[in-house]
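Accompanying notes for the structure given below.
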Amino acid sequence: VTELVDTTNGLARRVPDGALIAIPPDYAGVAMAATRAVVRRGARGLRLLAVPTSGLQADLLIGAGCVASLEAAAMTLGEHGAAPCFVRAQRAGTLAIKDATCPAIHAGLQAAEKGVPFMPLRGLIGTDVLRHRTDWTVIDNPFAAGDSIVVLPALRPDRALFHAAMADREGNVWIGRRRELITMAHAAEASLVTVERLVDRPLFDDPALAAGTLPALFVEAVAVAPRGAWPIGFEDLYPTDDGHIAAYARAAATPEGFARYLAEHVLDADAA
Amino acid sequence: MADPRLLIVTLARLLDGCRTVAVGALSPIPGSAALLARALSGGRLHVSVLGSRRHSDFSDGGRELFDRAGQGRIDAFFLGGGEIDGAGNINMVGTGGYPRSEVRFPGTFGAAFMAFAVPRVILFREEHTPRVLVPRVAFVSVPGTSPPGVWRRGGITALVTGCCVFGFDPARARFELRSVHPDETVASVRAATGFDFDVPALVPTTEPPGAAEIALLDGPVADAIAEVYPRFAGAVFEPTGTP
């Protein structure tokens, strides 16, 4: 049964230290309020899986010392440049990185959602991405001679963490067109979700909404967090707060500046 | 700094004959090129611009772009990179060691797949310096060519920079200078390029945008790209239409 928790702090307590946590790209509903709560609770040793890229969210968690490893196809603050804490941590060797390519992450999650051990993927042969991935391998196509193909192990996150527009009181979550959230949630053992609002009418009562609904079966807990993706934008509801992200990029350029940002915007704020 | 309109028009011409083109993240100039090519095709070219609501038609999540490419439904794709070498290898990860890189780039994104699945890969990097165009990349996110027996539908066909257009010959794994932008010469391009490349007897100047192309750029293309890249559109175009 999905639990409706009161606060993002309550949701953050369900992110276990050391867990493999799947997080969405900036355009698909980033649970930033919950991420700040994860930092406040002092999470340690998280293994982040960006599906398939991340930016501010992973950078904040890395800078705050919550992250042991990161698998991603890319890390960037977009037009605000490089993700500064990520760049520092990889250079210092304090962050284990698994460089991937976008469809490899999607394919690994698809294997997990089907309950099969691996998934083949074209491409990659001859790249240093593959060479450095000791967990990936190349096999002969069992159905055609002389055809090599990469196989990737299933990616089974302990938790998926994301933000969505609405949930009903049974814990069904409406994700609309953002189908990558469905794949993430299917693949993960359970999902932790923040939503803009709760609705009284069950989502499955409306066929137009049902098609874009993640069933409560996959959802461990939901917390209401209005503007829960801020400073990242969310669908049509609010745009990315470019001024804030630019200020983050400037602050996080040094460890001291990042510590000030953390004190001002994360440790003190959003106690809800 | 090259004229962005020249770059857009040059990239658009490289899409000639395509039925479908997809444009990835952080790509205002390739995005504008795809939208211009669509306008020039009378709407026959199918364009998907990542990040756009009105000019992309994906409804199955982030994987759909790659699934379409895997099936052969995407004819052309643009790639850039932190380093590009003379054999067409692309580095999107970093330099100065791995996994601890002295200079770290964002990452490979989907390139290690797309460059195999998409028949026509067009490289675009505005910065044309020996720092970017290197003799040998430090990390291979995308190999310029693949040996026989490795599944690959096509691959790199051209490289457009702020200075020139190179064609790419996969059989020889070499670039050949195709044209130089106005105010550039073979010598200036050679001086700014860290790798060796072929130079034909006659190297024309890159053809400037025509009146019809400029009209489309300042009209429907400006309107369309502004949805995803408002600041870029405001800086580059002189919109004539309604926003």
Side-chain angles (χ1 to χ4, degrees), chain A residues 24-28 50-53 55 72-79 82-83 86-88 90-93 95-107 109-110 121-132 141 146-149 175 177-184 236 242, chain B residues 24-26 28 50-51 53 58-67 69-71 89-94 96-118 137-153 229-232:
Chain A
D26 283 357
Y27 54 78
V51 183
T53 65
M75 268 293 290
T76 169
L77 298 183
E79 63 182 329
F86 160 72
V87 169
R88 266 198 302 278
Q90 65 83 34
R91 193 185 293 142
L95 174 73
I97 50 174
K98 286 181 169 181
D99 266 283
T101 190
C102 302
I105 292 174
H106 295 307
L109 292 171
Q110 286 178 272
L121 183 72
R122 285 300 188 188
L124 281 167
I125 295 172
T127 68
D128 286 338
V129 180
L130 174 63
R131 193 164 63 83
H132 286 285
N141 177 348
D147 181 24
S148 297
I149 189 163
I175 56 89
R177 192 181 184 182
R178 299 268 56 112
R179 306 293 300 180
E180 50 272 301
L181 298 178
I182 295 264
T183 306
M184 261 173 58
D236 283 341
D242 281 314
Chain B
L26 294 174
L50 207 72
R53 176 158 297 204
F58 296 112
S59 63
D60 203 18
R63 72 182 188 217
E64 186 174 358
L65 168 66
F66 306 105
D67 289 350
Q71 289 182 303
N89 300 303
I90 308 169
N91 174 5
M92 302 169 74
V93 166
Y98 185 85
R100 296 173 63 176
S101 304
E102 193 50 43
V103 175
R104 174 69 208 205
F105 308 139
T108 295
F109 288 95
F113 173 82
M114 295 298 273
F116 290 80
V118 176
V137 295
F139 185 103
V140 178
S141 291
V142 172
T145 55
S146 299
V150 171
W151 184 92
R152 196 164 184 173
R153 278 210 179 88
Y229 303 104
R231 271 173 268 186
F232 169 82

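A, B, ... follow the sequence lines: proteins, then strands. Residue 1 opens every chain.
- Options S101(B), G70(B), G107(B) differ in how many heavy-atom pairs under 4.5 Å they form with chain A, and the most are formed by S101(B).
- Contacts between A111(B) and chain A at a heavy-atom distance below 4.5 Å involve the backbone alone (N, CA, C, O).
- With values rounded to the nearest 0.5 angstrom, R122(A) atom CZ is found 15.5 Å from M114(B) atom CE.
- Residue with the most contacts toward chain B among V51(A), I97(A), V87(A): I97(A) (heavy-atom pairs, distance under 4.5 Å).
- Smallest separation of non-hydrogen atoms from C102(A) and G110(B): SG-N, 3.3 Å.
- For the residue pair A138(B) and D128(A), the shortest heavy atom distance occurs at O-OD2, 4.4 Å.
- For chain A, the nearby parts of R53(B) are the backbone and the side chain; heavy atoms of each come within less than 4.5 Å.
- Heavy-atom pairs under 4.5 Å with chain A were tallied for D60(B), L50(B), V150(B); the largest tally goes to D60(B).
- For the pair F66(B) and L121(A), the minimum side-chain heavy-atom distance is 4.5 Å or more.
- Taking 4.0 Å as the cut-off between side-chain N and carboxylate O, R179(A) and E64(B) do not count as a salt-bridged pair.
- Note that the CD1 atom of I125(A) and the CZ atom of R152(B) stand 11.0 Å from one another [nearest 0.5 Å].
- Contact annotation for D26(A): neither backbone nor side-chain heavy atoms come within less than 4.5 Å of a heavy atom of chain B.
- Distance alone, capped at 3.5 Å, places no donor-acceptor pair between the R177(A) side chain and the S59(B) backbone.
- Here the side chains of R231(B) and E79(A) are in contact, with some heavy-atom distance below 4.5 Å.
- Between S141(B) and T127(A) the shortest side-chain heavy-atom distance does not fall below 4.5 Å.
- Ring orientation note: the planes of H132(A) and F139(B) are close to parallel, at an angle under 30° on the 30°/60° scale.
- Here T108(B) is the residue among I90(B), T108(B), V142(B) with the most heavy-atom pairs under 4.5 Å with chain A.
- Formation of a donor-acceptor pair under 3.5 Å by the R63(B) side chain with backbone atoms of E180(A) is not found in this model.
- Within the 3.5 Å criterion, the main-chain N or O of R100(B) finds no donor-acceptor partner in the side chain of R91(A).
- Note: A92(A) leads A92(A), S148(A), A83(A) in heavy-atom pairs under 4.5 Å with chain B.
- Annotation for T76(A) and P106(B): closest pair CB-CB, 4.1 Å, computed over non-hydrogen atoms.
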